[in-house]
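Below is one structure, written out as structure tokens, with a few remarks after it.
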Amino acid sequence: MALLNDLINLNLTDSTHKIIAEYIWIGGSGMDLRSKARTLPKPESDPKKLPKWNYDGSSTGQAPGEDSEVILYPQAIFKDPFRGGNNILVICDAYTPAGEPIPTNKRHAAAKIFSHPEVEKEVPWYGIEQEYTLLQKNISWPLGWPQGGFPGPQGPYYCGIGADKAFGRDVVDAHYKACLYAGINISGINGEVMPGQWEFQVGPSVGISAGDELWAARYILERITEIAGVVVSFDPKPIPGDWNGAGAHTNYSTKSMREEGGYEIIKKAIEKLGLRHKEHIAAYGEGNERRLTGRHETANINTFKWGVANRGASIRVGRDTEKDGKGYFEDRRPASNMDPYVVTSMIAETTILL
């Protein structure tokens, strides 16, 4: 095993200019990440200079067997924390050979919204709070929970420390450092209310980069849990009953909101979001109705309401924003399994373009 680890950790820069590029894309379910690697002749930092590639879409539920070729377009590059050196991770989106985005390619439509002059002028910032649950591999039960049983009630676990309160911290810290190494704008981590549940935050990131960075962070987390022999779940309500669900609260501001008088802009934006509540809920993640019950720090899925410092609201405005008269707000509705390309672009579209 020592020799195997030595080979895995070989520094290629000592012997070749060639690098390994791991091409990453979203599979047919809209949440399953896929990847494969190729050798490139030299280091590269511009995704536009990377070659397009293809894969068998019939094996990912994205194309029929008789016409299965799907084309990958490189869109964002991150340093590879697993291979190190000049090796890279490449976030891609997927197209037909004719150049049409396939149905699961949500990035393409998001990029159109973010390139709109009115949206670009507002420089939209996002901070996404990605919650997730670590599961024991063979029994699909949260890490640290007794097999077939339950831990003590919620209360001591949120931001908790200790062997009886924090389960999986090695995975969490490994992920934190790997994201920083990769160049992802990860801004923090914490233990969540349900034991075995954690959160990391990506942002503030501008426009389409928020989606690219969150998907890259999810990929790195999946790879680290693969190594650790645990399973990561993005289910919005992994355990029924009196346990918190998992969300992806999305913090948002525009240039106008961040300037003097921004609080009035924020209130107008929230009003617009309320008018499209049903459309947003439909796009905010599968199974979200199991989470948005009006309990466990959520608003009921059928009700739109906002408030200052209210964690039971659809939209929460922070005390500092109210006090300063400018700042940001938090959309608490997105589920942990939401597509960040969909959520971020939809918020921008509703608040800026409509």
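Hydrogens, waters and symmetry mates play no part in the numbers below; they use all other heavy atoms, side chains included.
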Tell me, with the steps shown, if R218 and L214 meet side chain to side chain contact (heavy atoms under 4.5 Å, CB included).
CA-CA 6 Å; R218 283 175 171 176; L214 190 70; 4.1 Å; yes
Euclidean distance, Q201 CD relative to Q130 CD, rounded to 0.5 Å:
10.5 Å
So do the side chains of I270 and V317 get within less than 4.5 Å of each other, counting heavy atoms only?
yes
With a sphere of 6.0 Å drawn around CD of E289, does it hold more than 12 non-hydrogen atoms of other residues, nucleotides or ligands?
yes
Is E120 atom CD crowded by more than 12 heavy atoms from other residues, nucleotides or ligands, each under 6.0 Å away?
yes
Can you establish whether the number of heavy atoms outside K267 located under 6.0 Å from its atom NZ is more than 12?
yes
Can you tell me how far apart NE2 (H277) and CZ (R333) are? Round to the nearest 0.5 Å.
6.0 Å
In terms of relative ring orientation, are Y157 and F167 parallel, tilted or perpendicular, with 30° and 60° separating the classes?
tilted
Give the ring-plane orientation class for Y252 versus F329, where under 30° counts as parallel, over 60° as perpendicular and anything between as tilted.
perpendicular
Full working for side-chain hydrogen bond (donor to acceptor under 3.5 Å, both in side chains) between T350 and R276
CA-CA 8 Å; T350 298; R276 294 190 76 204; 2.6 Å; yes
Parallel, tilted or perpendicular: ring planes of W243 versus W145, cut at 30 and 60 degrees:
tilted
Residue that, paired with N244, satisfies side-chain hydrogen bond (donor to acceptor under 3.5 Å, both in side chains) out of Q197, H296, E131, Q154
Q154
Inspect the surroundings of NZ in K36 and state if more than 12 heavy atoms from other residues, nucleotides or ligands are less than 6.0 Å away.
yes
Value rounded to 0.5 Å, distance of CD1 in I91 from CD in E22:
10.5 Å
Please determine if R223 forms a cation-pi arrangement with F82, meaning its NZ or CZ atom is less than 6.0 Å from the six-membered ring centre and no more than 45° off the ring axis.
yes
With a 4.0 Å cut-off on N to O distance, would you call E259 and K326 a salt bridge?
no
Audit row: I208, Q75, side chain to side chain contact (heavy atoms under 4.5 Å, CB included) steps and yes/no
CA-CA 10 Å; I208 197 75; Q75 300 291 0; over 6 Å; no
Take atom OH in Y263; do more than 12 heavy atoms of anything else shown fall under 6.0 Å from it?
yes
V172, F234: one ILVMFWY side-chain cluster at the under-4.5 Å cut-off?
yes
Just do the side-chain hydrogen bond (donor to acceptor under 3.5 Å, both in side chains) check on E213 and N185 with the steps written out, would you?
CA-CA 7 Å; E213 291 185 18; N185 194 21; 4.7 Å; no
Pair R107 + D339: basic N to acidic O under 4.0 Å:
no
Is it true that atom CG of L4 has more than 12 heavy atoms of other residues, nucleotides or ligands lying nearer than 6.0 Å?
yes
State, with a plain yes or no, whether a side-chain heavy atom of Y284 is found less than 4.5 Å away from one of P236.
no
Apply side chain to side chain contact (heavy atoms under 4.5 Å, CB included) to residues T351 and K268 and explain how you reach the verdict.
CA-CA 8 Å; T351 60; K268 289 176 184 176; over 6 Å; no
Is there a side-chain contact between W215 and I184, using heavy atoms and a 4.5 Å cut-off?
no
Partner of P151 under side-chain contact (heavy atoms from CB on, under 4.5 Å), chosen from P195, P142, P156:
P195
CA sep, side-chain torsions, deciding dist, call: W53, W25, ring pair (Phe, Tyr, Trp, His ring centres under 6.0 Å)
CA-CA 11 Å; W53 206 8; W25 70 95; 8.0 Å; no
Do K121 and E118 meet the salt-bridge criterion of a basic N to acidic O distance under 4.0 Å?
yes
Would a hydrophobic clustering, with Ile, Leu, Val, Met, Phe, Trp and Tyr connected at side-chain separations under 4.5 Å, put W125 with Y341?
no
